Every structure is written in structure tokens, then in C-alpha cells.
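Quick notes on the structure that follows.
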Amino acid sequence: EAKKIISEFGPALIATASKEGKPNVSPKGSFRVLDDDHVVFANIASPRTMANLKENPQLTAILFDRSTRKGCRIWGKAEVVESGKEFDSLSAEFAPRGMKVKNVVIVAVEDVATF
């Protein structure tokens with residue numbers, strides 16, 4: 001059910017926190033399922049999100065459809081990559097729009113809740 005929600009709904013809101021606990025929330029239009037155990041998104045212009053993830057790799061993502069009041073929440077641990085298959089794929093996808101992918105965040109999913 002969560003995979004369907006991720007593929008159908010708009011951007012995910014990604015919540016991170018610094019090592020001191022200062023929160024940050026950022027929308028990610030590139031958020032998608034990578035495989036059964038991972039989701040992924042591109043970093044195009046999110047310096048605070050990336051700084052937080054370097055200090056504290058834990059994050060939460062939420063996707064929500066106002067009209068149906070359905071969605072999902074994902075908790076996981078992020079790994080930031082600057083090369084590889086996922087980086088190349090997302091870079092190629094965003095390049096025609098004039099958007100440069102700085103790195104890619106691969107999230108090992110620890111828990112999922114749908115509502």
C-alpha cells in the first residue's frame with residue numbers, strides 16, 4: 001500500500017534534525033521507491049537537509065493526499081551517495097529541466113505506517 005501511495009501522491013516532506021535536535025522539513029518531488037527495503041530522493045537544493053543528514057542520518061518522510069486524507073509515513077536511515085546507478089539515473093532525469101543533482105539520498109526503511 002505504501003508503494004502505491006508513494007507512486008501516486010505528490011512530493012514527500014522529509015523531516016530531519018541536526019545533532020542538537022534542530023528540525024528541518026523539506027519537500028522532495030524526486031522521492032520514490034528504490035526497492036522493497038529502500039526509498040530514494042535527489043538533493044538539488046537542500047543544504048540544511050543535507051547538513052542534518054551528515055550529523056544525524058535518521059529521517060522521516062510523509063506523503064499525504066488532502067482530498068482522500070490518505071497517506072504514509074516512512075522512518076529510516078539515510079546514506080548520501082555522489083555516484084552510482086541511482087545518482088546517474090536521477091541526474092539524467094533532472095538534467096533536461098536544467099536541474100543539477102548534487103547527490104542522492106538512499107534511505108534504508110526501518111518502519112512504515114499507512115493511514
Side-chain angles (χ1 to χ4, degrees):
E1 188 177 357
K3 286 181 184 179
K4 183 179 180 195
I5 289 168
I6 292 167
S7 69
E8 292 178 358
F9 293 1
L13 295 175
I14 306 296
T16 60
S18 68
K19 64 183 176 185
E20 292 85 19
K22 185 174 183 177
N24 182 64
V25 176
S26 181
K28 301 293 172 218
S30 60
F31 191 84
R32 61 198 61 186
V33 173
L34 182 59
D35 59 37
D36 286 344
D37 299 311
H38 299 86
V39 291
V40 64
F41 62 88
N43 169 35
I44 296 169
S46 297
R48 185 164 289 175
T49 295
M50 300 315 295
N52 283 355
L53 290 176
K54 287 179 183 174
E55 293 180 2
N56 175 4
Q58 296 295 317
L59 64 75
T60 299
I62 189 166
L63 294 98
F64 179 71
D65 180 22
R66 279 182 6 173
S67 65
T68 62
R69 303 196 58 81
K70 291 187 178 195
C72 71
R73 185 181 313 256
I74 298 165
W75 292 267
K77 185 173 183 180
E79 174 189 5
V80 179
V81 298
E82 297 179 359
S83 62
K85 181 175 70 172
E86 291 79 17
F87 179 85
D88 293 343
S89 175
L90 285 167
S91 292
E93 179 182 335
F94 285 94
R97 297 188 234 171
M99 302 167 89
K100 180 174 176 16
V101 173
K102 295 176 183 167
N103 39 46
V104 169
V105 179
I106 300 171
V107 181
V109 175
E110 296 172 343
D111 197 8
V112 177
T114 58
F115 52 89

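The figures that follow rest on heavy atoms only: side chains count, while hydrogens, waters and symmetry mates do not. Please read all numbers here as calculations on a predicted model, not as lab measurements.
- Residues Gly10 and Leu63 approach most closely at O-CD2, 3.5 Å, considering heavy atoms.
- To the nearest 0.5 Å, the span separating CZ on Arg73 from CG on Asp111 amounts to 10.5 Å.
- To the nearest 0.5 angstrom, Ile14 atom CD1 is 10.5 Å from Asn24 atom CG.
- Atom CD of Glu20 has more than 12 heavy atoms from other residues, nucleotides or ligands within 6.0 Å.
- Of all heavy-atom pairs spanning Val81 and Phe87, the tightest one is O-CD1, 4.2 Å.
- Hydrophobic clustering, with ILVMFWY side chains joined whenever heavy atoms are under 4.5 angstrom apart, groups Leu59 together with Phe31.
- One finds the CD atom of Glu86 at 8.5 Å from the CG atom of Asp35 (value rounded to the nearest 0.5 Å).
- Of all heavy-atom pairs spanning Lys4 and Ser7, the tightest one is O-OG, 2.9 Å.
- The two residues Val109 and Val39 come nearest to each other via the heavy atoms CG2-N, 4.1 Å.
- In summary, of the residues considered (Asn43, Ile44, Asn103, Val40), a side chain to side chain contact (heavy atoms under 4.5 Å, CB included) with Leu90 occurs for Val40 alone.
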Met50 vs Val105, side chain to side chain contact (heavy atoms under 4.5 Å, CB included): CA-CA, chis, key distance, verdict: CA-CA 9 Å; Met50 300 315 295; Val105 179; 3.7 Å; yes

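- Within a 6.0 Å radius of CZ in Arg97, more than 12 heavy atoms belonging to other residues, nucleotides or ligands are found.
- In this structure, Ile74 and Ile6 have side chains that are in contact, with non-hydrogen atoms separated by less than 4.5 Å.
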Trace of the side chain to side chain contact (heavy atoms under 4.5 Å, CB included) decision for Asn56 with Thr16: CA-CA 8 Å; Asn56 175 4; Thr16 60; over 6 Å; no

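- Side chain of Glu55 to backbone of Ser18: no donor-acceptor contact under 3.5 angstrom is found.
- Counting heavy atoms from C-beta on, the side chains of Ser46 and Lys28 come closer than 4.5 Å.
- For the atom pair CD (Gln58) and CG (Leu53), the distance works out to 10.0 Å, reported to the nearest 0.5 Å.
- Val80 and Val101 sit in two unconnected hydrophobic clusters of ILVMFWY residues. Membership requires side-chain heavy atoms under 4.5 Å apart, directly or through other members.
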Candidate pair Lys70 and Phe64, rule side chain to side chain contact (heavy atoms under 4.5 Å, CB included), full reasoning: CA-CA 6 Å; Lys70 291 187 178 195; Phe64 179 71; over 6 Å; no

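- Closest heavy-atom contact between Ile5 and Cys72: CG2-SG, 3.9 Å.
- For the residue pair Phe9 and Gly71, the shortest heavy atom distance occurs at CE2-CA, 3.8 Å.
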